[in-house]
Amino acid sequence: MKRIGVMTSGGDSSGMNAALRAVVRTALDHEVEVFGFLRGYSGVINKKYEVMDSKSVSGVIQRGGTILRSARCEEFKTDEGQERAVGNLRELGIDGVVVIGGDGSLRGANALSKKGIPVIGIPASIDNDIFGTDMSIGADSALNVIVDAVDMLKDTASSHDRAFIIEVMGRNCGYLAAMAAIACGAEVAIIPEITFDLDKIAERLYARYKEGRTNSIVLVAEGAASAYKIDEQLKGRIGYETRITVLGHLQRGGSPTVFDRILASRLGRNAVESLLQGESGKMVGQVRNRIVLTDLEEVLGTCKMVDLEMIELTDILGR
Ligand code: ADP
């Protein structure tokens, strides 16, 4: 391979820049040119790219977001859009592509690979819902933002006898809510993987109130319910007042943690080296601290859930 393309696509996550930096510098180390497509698949469809040199990724490892920008591109979901992208890649002499993104972006990567373009995917999603890797890039950083925010809210909860109902991201996966609940000592985690009974939750919080425990933290994954809906059901039933906080896009921002920087650097390097070794249609992941390749078909066809042990832990320790 003489020239590869790279893009960041879908929801941004902290650590995408670190992955991009590793892709660019590894490729250059192998004397392979790198075209950085802007705004995900729309950059490929509209031939918007930058030729990346080592300096173009200087000073980005600690920056959240993505310097290549990201976007959602509906056109790429159509066959015509994909054909246009493939035509442009061939015209530009791109021998292989690295896609950094979440579940949807990896679906796009799989589509490109089926059309004959060598592609390797790198999992980047704060939800940590991608099979084939223990952690996806950005999940640890988002978790640390949530823990900092909840620690601050706990000060008010304990000073004013309040329950804080805090909504965190997680469309189909309760990873952020469950792990933050363990790390913050929250009383309740409501996640999409487990059916929840608000009557039981209210009874439990009221029983604690009777023991003189007059504040609590309830973490809700957005995919399970909205904090407003939970509030409607709990308010007036637990002995003390409730307050709602929706953390929203705060969770995506900020500097990547050390864990995400190193994960992204390892995955970026391995994605390029896998392409150069002739691999395609695969995702690089980190499983038990080892870098592994998994077929995109398997990645996309397998549902990743929060470990049962973690769910039990939130329940036992929140009592
Ligand atoms: P994420 O990658 O964060 O999950 P999206 O689901 O929005 O974000 O996907 C990002 C982009 O990936 C979409 O805008 C589209 O360009 C591409 N994409 C998503 N799903 C598919 C699909 N089934 N086939 C082809 N491309 C897809």
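First listed ligand is number 1; within each ligand, the first listed atom is number 1.
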Should the pair [X]-[Y] be classified as a salt bridge under the 4.0 Å nitrogen-to-oxygen rule?
X: E222; Y: R171; answer: no
X: K235; Y: E241; answer: no
X: D103; Y: K304; answer: no

Atom indices of ligand 1 within 4.0 angstrom of [X] heavy atoms, with elements:
X: Y41; result: 12 (O), 16 (O), 17 (C)
X: G108; result: 25 (C), 26 (N), 27 (C)
X: Q82; result: 25 (C)

Identity and separation of the nearest protein heavy atom to [atom]:
atom: atom 2 (O) of ligand 1; answer: S105 OG, 2.5 Å
atom: atom 11 (C) of ligand 1; answer: S9 OG, 3.7 Å
atom: atom 7 (O) of ligand 1; answer: R72 NE, 2.5 Å
atom: atom 14 (O) of ligand 1; answer: C73 N, 2.6 Å
atom: atom 3 (O) of ligand 1; answer: G11 N, 2.9 Å
atom: atom 27 (C) of ligand 1; answer: G104 O, 3.6 Å
atom: atom 22 (C) of ligand 1; answer: R107 CB, 3.7 Å
atom: atom 8 (O) of ligand 1; answer: G10 CA, 3.4 Å

Y175/D127 under side-chain contact (heavy atoms from CB on, under 4.5 Å): CA gap, chis, key distance, verdict:
CA-CA 7 Å; Y175 175 84; D127 288 357; over 6 Å; no

For E75 and ligand 1, answer yes if some heavy atom of the residue is under 4.0 Å from a ligand atom, otherwise no.
no

Using the side-chain contact (heavy atoms from CB on, under 4.5 Å) rule, pick out the option among I61, V60, I67 that qualifies with L20.
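Exactly one candidate clears the test, I67.
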
The side-chain contact (heavy atoms from CB on, under 4.5 Å) partner of V220 among I230, I166, V246 is I230

How far apart are the C-alpha atoms of R204 and R319, what are their side-chain angles, what is the distance that settles it, and do they pass the side-chain contact (heavy atoms from CB on, under 4.5 Å) test?
CA-CA 8 Å; R204 186 162 134 190; R319 282 177 188 269; 3.7 Å; yes

Per salt bridge (Lys or Arg N to Asp or Glu O under 4.0 Å), D79 is matched among K114, K115, R84 by K115

